[in-house]
Structure formats: structure tokens, C-alpha cells
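For reference, the structure is listed below as C-alpha cells.
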Amino acid sequence: MTEILPLDRLLQTPVALLLCYPRFDAGEAERRLRELRALGVEALELRGRHRIGDLPVLGKGHVGVVVAARVGAASAALKIRRVDADRASFAAEAANLRMANRVSVGPRLLAASANFLMMELIEGDYLTDWIEGLAPSEAGRLRSVLRRLLDKARRLDRIGLDHGELSRAHRHVIVAGDEPRIIDFESASTDRRVSNVTSLAQYLYFNRQMRSKVGRILTTETEALLRALRRYKRSPTDQTFRSLLGVCGLA
Ligand SMILES: Nc1ncnc2c1ncn2[C@@H]1O[C@H](COP(=O)(O)OP(=O)(O)O)[C@@H](O)[C@H]1O
Ligand SMILES: [Mg+2]
């Protein structure tokens, strides 16, 4: 069951730790609580597949702790900057996510401040777990999800935004109602050469863990795939992208 914690009771409970993780500080917690109110957050919801101590949360990374939050009648995902994060604010991540949103990629950004990123809550399974739950007869469903996912990576390539963590995407793709969603634009950048499509394809077809999961349902020709990836890398056009999809059996 989800416990809902209104903000005015938060500091009296162990949940206060989530506001300034991993080191609680009363002054910082007070400041962050005010910042949270200004964003329109009314309560935090304790739920999710990960845990901090014995508190269920949506996720935890090096930069943020992610919890569900109540904003009016709706729920949102709230990324809370860790006090030990190597970033001074979420400004850059918010800008990158906004850019991704323009090509319909990433959770919709709802609001951002120095210590909080409020975004669309994505409910589903990590891609790895989702694939594991498929029957061998569901190849069509898998193909459609991989195709959409590579399409999103292609859209990011086209706008020059490199996600930065798609070659190890275990926790960065969630499948929600058969729609693959790319999350976490914390490491994204417009200053690097983009490699979203190639990183993601590497991950899907060459990462040891993924390869066996995908390989249980779909077969791909490794040599042809490597050639198609090299061609796309040399010349990332719609044509080389389409031929890459073709080699993966996703065209
Ligand atoms: N919009 C979201 N909806 C649902 N869960 C999310 C959302 N954003 C992040 N999460 C969960 O929180 C985890 C950590 O978030 P992430 O943005 O990757 O933080 P970090 O930048 O610290 O790595 C993710 O792996 C995911 O499980
Ligand atoms: Mg992350």
C-alpha cells in the first residue's frame, strides 16, 4: 500500500532523509521543503521498486533520489538532488530534458528548481525485465518496442543531444504500456558527438546480458549488424538508419 505523506508532517518523520540524502541536515531540509512547496508539491508518496532504508522509492542514482509526489489531483515523479551530488543544480538536466521533450523523448518536464526536477511519472518495467516477461511467441511485440526505442535514439541524434548513458541502459529505459521511455538526461550533452543510436544498438545486441534476453526471442546477424552500425556511424542519415533497422529485422 502507498503511504501518502503531506509536506507539513514530513520533517517529523524518517522520510525527511529523502529530502537531503544521504546526510540529513535540518536547515537544508527546511529550505528544501520551502522550495518544494513553491513547486506546488503537496505530498510525497512512498512507493516504488527500490528502497532507501525501509522507504520504498521510485529510484536512486548518483545524482538524485526519485520519489512519487502529489501535485493537485495528479502524481508526478520528483527527482531530489542528493546533497553529495557532483552537480550544483538541476538547471542543465532540465534544459536537456526540455530539448528531448521537443522531439517527444523523455518524461515530460513539469517544473524544475535547483534541487528538484518534477516530471511525468513513468510506470512500467525496466526494458530488461519487460523482455524477460515476454513469451517466445511475442517477437512482434518486442520488435515494435525496439523499433520505437531506436526511433527515439535517432530523434535525439538528429537534434544533436547525446544522452550519454545508453550503452549501459539497464535503468534508463522503462517500458510503459508497450511504449519504451528513455529517462535520466543528467549526463546528456550537446557538446559531444552524438552516439545515441550506436550506443543503444550496442547495448541491445552486444551487451552480454541483453543479447541473451533479446536473442531468446529474435535472431540478428552479428556481422551484418556491425557493418550497418559502422555505416551509420560514418554517415548518420535517414538512409543508413533505415538500413540499420532492416538488418535488425525492425524495418
Ligand atoms: N520520470 C520517472 N518516472 C519513474 N521513475 C523514474 C523517473 N525518473 C527516474 N526514475 C527512476 O529513478 C531512477 C534514478 O533516476 P535517474 O534519473 O537515473 O537518477 P540519476 O541521475 O541519479 O542516475 C531511475 O533508474 C528510475 O528507476
Ligand atoms: Mg541514472
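Read the numbers this way: they start at 1 and go in the same order the structure lists the ligands and their atoms. Fair warning: this is a prediction, and the values are worked out from it, not measured in the lab.
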Checking side-chain polar atoms at under 3.5 Å, does Thr240 have a donor or acceptor matched by the opposite partner on Thr237?
yes
Taking atom types as modelled, find out whether Gln209 and Thr128 have a side-chain donor-acceptor pair closer than 3.5 angstrom.
no
So, are Glu35 and Arg32 salt-bridged, with charged N and O less than 4.0 Å apart?
no
With the threshold set at 4.0 Å, does a side-chain nitrogen-carboxylate oxygen contact exist between Asp151 and Arg147?
yes
Would you say the side chain of Val71 lies within less than 4.5 Å of the side chain of Met118, judging by non-hydrogen atoms?
yes
Under a 4.5 Å side-chain heavy-atom rule over Ile, Leu, Val, Met, Phe, Trp and Tyr, are Ile183 and Leu166 clustered together?
no
How would you list all residue pairs meeting side-chain hydrogen bond (donor to acceptor under 3.5 Å, both in side chains) that involve residues 176-186, not counting sequence neighbours?
Lys79-Asp184, Arg87-Glu186, Glu120-Arg181, Arg141-Asp178, Arg148-Glu179, Lys152-Glu179, His172-Asp184
Residue pairs meeting side-chain hydrogen bond (donor to acceptor under 3.5 Å, both in side chains), one or both in residues 1-22, sequence neighbours left out, come to Tyr21-Lys60
With a 4.0 Å heavy-atom cut-off, what residues sit around ligand 1?
Leu58, Gly59, Lys60, Gly61, His62, Val63, Gly64, Val66, Ala77, Lys79, Pro107, Met119, Glu120, Leu121, Ile122, Tyr126, Arg171, His172, Ile183, Asp184, Glu186
Which of the protein's N, O or S atoms come within less than 2.8 Å of the Mg ion (ligand 2), not counting waters?
His172 NE2, Asp184 OD2
Atom CD of residue position Glu138 - does it have more than 12 heavy atoms of other residues, nucleotides or ligands inside 6.0 Å?
yes
